[in-house]
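Worth saying up front: this structure is predicted, and the values here are computed from it rather than measured.
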Protein chains: 2
Amino acid sequence: MDEQKSIVDLCPAPRVIEMIGGKWKLRILQILIFQGTKRFGELRRQVAGITQTMLTKQLRALEDDGLISRKVYAEVPPRVEYSPTNSGMDLMKMFEAMHQWWERNQAS
Amino acid sequence: MDEQKSIVDLCPAPRVIEMIGGKWKLRILQILIFQGTKRFGELRRQVAGITQTMLTKQLRALEDDGLISRKVYAEVPPRVEYSPTNSGMDLMKMFEAMHQWWERNQAS
DNA sequence: TTATATACTATCGTTTACAATACTATTGGA
DNA sequence: TCCAATAGTATTGTAAACGATAGTATATAA
């Protein structure tokens, strides 16, 4: 009954990379982490080249993975604000580890 | 002449994720990092579901990015061995940071 | 002579990611 | 009355990633 799992299957790296991978998620996270809460329209202006459709899709994915949160205000015209969660902010330590690897191994 | 680059453009995260992203690279790296040098055929057997075509392509990409090295022996039938480079091994610290983030934020 | 083993490459098909464009709802103001 | 502003959704098309299959070279062994 108890399946013996290999150490490989327990590694969270594939899931983590899925959560922050793709063409847009890192850029969105960077803005929210470094600049704090942003409205949808502000994000669309700052993420150069992204379409509304894509921005919505990426924001939903980040929200589903608990990296950002979404707050809707009952106003007209509508206002929706996106913020990094604690979990999202905590990714900074991991990005720092990436940065250090880069400095050790790739930097000229 | 000197373009002023924003801190955002200097972040190596997108490149790093490109280097280890996709469906197969992490699995290949895990095997080479934890088990050491492997022949092509051994890798093909261990990376469940991968085709020869894909394995070759992923190995080339990892080699081009300096994460693994390739050694060809002039034998028949051919023998080719793949090993992690120092740079590839050094990714462990980053994977550890991912693991710790996961433990802090996702683990039950 | 024929088969075997190994590490490939070439070609084509499918599936997924991403892009482009148009459309929707709401309400305060000109 | 009609438009602006905001944050979307729906639809369709394209590009990139991935998969399936077949073919290549060559020394050795049967």
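Distance alone, capped at 3.5 Å, places no donor-acceptor pair between the A/Gln58 side chain and the A/Leu55 backbone. A/Asn105 places a side-chain N or O within donor-acceptor distance of the main-chain N or O of A/Trp101, the cut-off being under 3.5 Å.
Between B/Lys23 and C/dT16, a side-chain N or O to OP1/OP2 separation shorter than 4.0 Å is absent. In this model, the phosphate group of D/dA7 is approached by a side-chain N or O of A/Arg39 to a distance below 4.0 Å at OP1 or OP2.
Side-chain heavy atoms closer than 4.5 Å link hydrophobic residues (I, L, V, M, F, W, Y) into clusters, and following such links, possibly through other members, connects A/Leu32 to A/Val72.
A residue-by-residue look at B/Arg44 and A/Gly22 shows that B/Arg44 has its nearest nucleotide of DNA chain C further toward the 5' end. If you find the closest nucleotide of DNA chain D to A/Thr56 and to A/Pro78, the one lying nearer the 5' end belongs to A/Pro78.
B/Gln46 and B/Gln35 are linked by a side-chain donor-acceptor pair at a separation below 3.5 angstrom, with hydrogens and angles left out of the test.
Between the CG atom of B/Leu43 and the P atom of C/dA7 there is a distance of 9 Å, rounded to whole Å. Straight-line distance from the CD atom of A/Gln58 to the C1' atom of C/dA19: 12 Å, rounded to whole Å. We find that NZ of A/Lys25 is positioned 11 Å from C1' of C/dA17, with the value rounded to whole Å. One can place NZ of A/Lys57 at 15 Å from P of D/dT11, the figure rounded to the nearest angstrom. For B/Glu75 and D/dA27, the CD to P distance is 13 Å, given to the nearest whole Å. Distance, A/Arg70 CZ to D/dG8 P: 5 Å, rounded to whole Å. The CD-C1' distance, from A/Glu42 to D/dA5, rounds to 14 Å in whole Å. At whole-Å resolution of the value, CG in B/Leu59 and P in C/dA7 are 11 Å apart.
The residue B/Tyr82 sits close only to the backbone: its heavy atoms come under 4.0 Å of sugar-phosphate atoms, none of a base.
Between D/dT6, D/dG8, C/dA19, one nucleotide has an atom nearer to the side chain of A/Met54 than all others, and that is C/dA19. When distances are taken from the side chain of A/Gln52 to each of D/dC18, C/dA19, D/dA7, the shortest belongs to D/dA7. Comparing C/dT26, D/dA10, D/dG8 by their closest approach to the side chain of A/Val76 singles out C/dT26. If you check C/dA19, D/dG8, D/dG19 against the side chain of A/Val80, the one that comes closest is D/dG8. For A/Arg60, whose side chain is taken as the heavy atoms from C-beta onward, the closest listed nucleotide among C/dA19, C/dT9, D/dG8 is D/dG8. For B/Pro77, taking side-chain heavy atoms from C-beta onward, the closest of the listed nucleotides D/dT6, C/dT6, D/dA20 is C/dT6.
Scanning atom types as modelled, one donor and one acceptor separated by under 3.5 angstrom connect the side chain of B/Thr53 and the base of D/dT21.
Residues B/His99 and A/Pro12 are in side-chain contact: their nearest non-hydrogen atoms beyond the backbone lie under 4.5 Å apart.
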